[in-house]
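Reading through the structure tokens given below for one structure.
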Amino acid sequence: MSTSRWGAGFSAVSRFVGEIEAAAANSGTLRPGYVLAGDEVFLLDRCRTAVLKAFVPADLRDFSLSELDLASTSIFEVLDRAQTPSLMAPFQVIFVRNVRQLYTRGSKKEEFAELDRYFKSPNPQALLIFVADFVRITSDTRRMDMEDKTRFERLQETLGAHCGMVELARVTDEDAMRWAVSTAQAEGVKLEPDAARELVDALGADMMLVASELEKLLLYVSGRIGAAVDGRLAEPGPAGLKGRITLGDVETMVLGAKQRSLYELTDAISAKDRPRALGLLHGLLNSSDAGEDAAIGHLYMLARTFRQMLVIQEKNVRDTRAIWQALWQGFRIPPFAAEDLIRQARRYKNRRELTRALRLVARADVELRSSPPDKRLVLERLVYDLAGEAKASSPLFASAQLSFEA
């Protein structure tokens, strides 16, 4: 699709994906490294998917893909891994997370000098992807927070001197609607304008949720799950399209999604109700067509919700009017969840309890990305720990990947 009418985030991803695909087809040049700058997880996932599809064969995944975190691995070890040819795979892809560790206190002269040395003679059989999700890039860069602007400029001056910069700017409501309409049309379904607006508004323009609910709506109108709802198949659509999604369809399906959303799960967790929390988790996993393969998506939403609660707590939000000022565009919540989330945030006594929850989620994220034998068990253990009281003797894996800590 043409990106001339799309916002900065989608356009940047389109250019990046095009470059990756061209390099994989030997019709373009691949840079030795890229910086995925921004915390728009939906766009980050699109970039990641493109890289894996192009350079990580399924049968060589264990040998050709590395996930390294600078909270536990030094940049020297990362570059040593990149420089060392793999005996088992012809090409290596290395995702480097927690990049903010390069920009903490201290000059980090040795670290950046080592980066300069590597990129002067990079390994052509390795690709470094730096995930800089500690920067929030607004859809209109002129309105970026001064701290985020400073962080981004620092990224450009350092890693950007050697790597391609991919700006994962926040998705606007209009772009979210365009994406939903375009995606539905590609599946032969017309998404009516008022239905697209309701879908985006109801989910707070959260692209991960919008994508998930649109997938259910497409199944609904195709008749594959329509009978389970009310026995009605999709209405006939315009010529060339096999169906249409109406406002009524969105109200029916999204309301159903609300009832089994993660906000109920975080409600049980914040109330320290372990039996209810585990029951809701099982309900989420069982209701998802992807089953335990949807674990990363559930984990993302848990992290996002706890980050929202942390902001609500720190800014002392007491009512729904103030919540829209506290949470910026692209980080807002569906209107139906506002009061619930404020109540949940107030159950936590201090910042420490919420950052503990974020660290637990970060640890589970690392486990899930390490191909565990049972993803469901990882989530069950996470929810069990989240719904319990903190133990001073239980050190947690610390990661800024999913944490809101500065």
Side-chain angles (χ1 to χ4, degrees), residues 20 30-39 44 47-48 51-52 54-57 60-135 151 154-166 296 299 303 358-372 378 395-403 405-406:
I20 291 296
L30 183 70
R31 307 187 197 196
Y34 292 87
V35 180
L36 304 182
D39 62 351
L44 173 60
C47 293
R48 177 185 171 84
V51 171
L52 296 183
F55 298 115
V56 182
L60 294 177
R61 187 182 180 97
D62 291 341
F63 306 108
S64 58
L65 175 65
S66 298
E67 305 268 4
L68 303 180
D69 191 316
L70 292 183
S72 54
T73 306
S74 72
I75 192 63
F76 304 104
E77 294 174 84
V78 170
L79 297 176
D80 182 63
R81 172 79 65 91
Q83 193 67 66
T84 305
S86 172
L87 298 177
M88 304 298 293
F91 194 85
Q92 292 187 80
V93 173
I94 303 173
F95 281 91
V96 184
R97 299 183 177 275
N98 220 341
V99 173
R100 71 184 305 159
Q101 294 294 324
L102 286 173
Y103 302 92
T104 53
R105 291 181 180 178
S107 64
K108 298 291 194 297
K109 288 183 178 179
E110 293 183 3
E111 286 84 349
F112 286 115
E114 189 66 24
L115 281 162
D116 289 341
R117 279 193 290 272
Y118 172 80
F119 283 112
K120 284 179 181 177
S121 181
N123 179 5
Q125 303 305 316
L127 174 63
L128 285 166
I129 305 288
F130 294 93
V131 182
D133 54 0
F134 65 100
V135 177
R151 290 172 173 173
R154 179 65 171 145
L155 274 171
Q156 286 182 307
E157 294 168 359
T158 51
L159 289 175
H162 311 290
C163 304
M165 295 290 295
V166 185
I296 290 290
L299 203 62
L358 285 164
R359 290 192 180 102
L360 284 168
V361 174
R363 184 174 67 182
D365 179 66
V366 172
E367 288 187 66
L368 286 178
R369 296 184 187 279
S370 302
S371 301
V378 173
L396 298 175
F397 175 81
S399 170
Q401 159 82 22
L402 296 174
S403 173
E405 291 183 281

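Just so we're clear, the structure is a prediction, and the values are computed from it rather than from any experiment.
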Contact list for residues 108-132, test ring pair (Phe, Tyr, Trp, His ring centres under 6.0 Å), sequence neighbours left out: Tyr103-Phe112, Phe119-His162

Any side-chain heavy atom of [X] within less than 4.5 Å of one from [Y]?
| X | Y | result |
| --- | --- | --- |
| Ser86 | Ser64 | no |
| Val99 | Val35 | no |
| Leu128 | Val78 | yes |
| Asn98 | Arg100 | yes |
| Lys120 | Arg117 | no |
| Leu299 | Val378 | no |
| Leu155 | Val135 | yes |

Neighbour count above 12 (heavy atom, 6.0 Å) for Glu77 CD: yes

Crowding at CZ, Arg81 (>12 non-hydrogen neighbours, <6.0 Å): no

With Phe76 via ring pair (Phe, Tyr, Trp, His ring centres under 6.0 Å) - residues at least two apart: none

Could you give the distance from [atom1] ([X]) to [atom2] ([Y]), rounded to the nearest 0.5 Å?
| X | Y | atom1 | atom2 | value |
| --- | --- | --- | --- | --- |
| Leu159 | Arg154 | CG | CZ | 9.5 Å |
| Leu127 | Leu65 | CG | CG | 10.5 Å |
| Ile75 | Glu110 | CD1 | CD | 13.5 Å |
| Asn123 | Leu79 | CG | CG | 11.5 Å |
| Asp62 | Met88 | CG | CE | 10.0 Å |
| Arg48 | Leu36 | CZ | CG | 10.5 Å |

Full working for side-chain contact (heavy atoms from CB on, under 4.5 Å) between Gln92 and Thr84: CA-CA 10 Å; Gln92 292 187 80; Thr84 305; 5.5 Å; no

Distance-minimising heavy-atom pair for [X] and [Y]:
| X | Y | answer |
| --- | --- | --- |
| Pro122 | Pro32 | CB-CB, 3.7 Å |
| Ala303 | Leu358 | O-CD2, 3.6 Å |
| Leu70 | Ser74 | CD2-C, 4.1 Å |
| Ala71 | Asp69 | N-OD1, 2.8 Å |
| Glu67 | Arg97 | OE1-NE, 3.5 Å |

Partner residues of Ser121 under the side chain to side chain donor-acceptor pair (under 3.5 Å) criterion, sequence neighbours left out: none

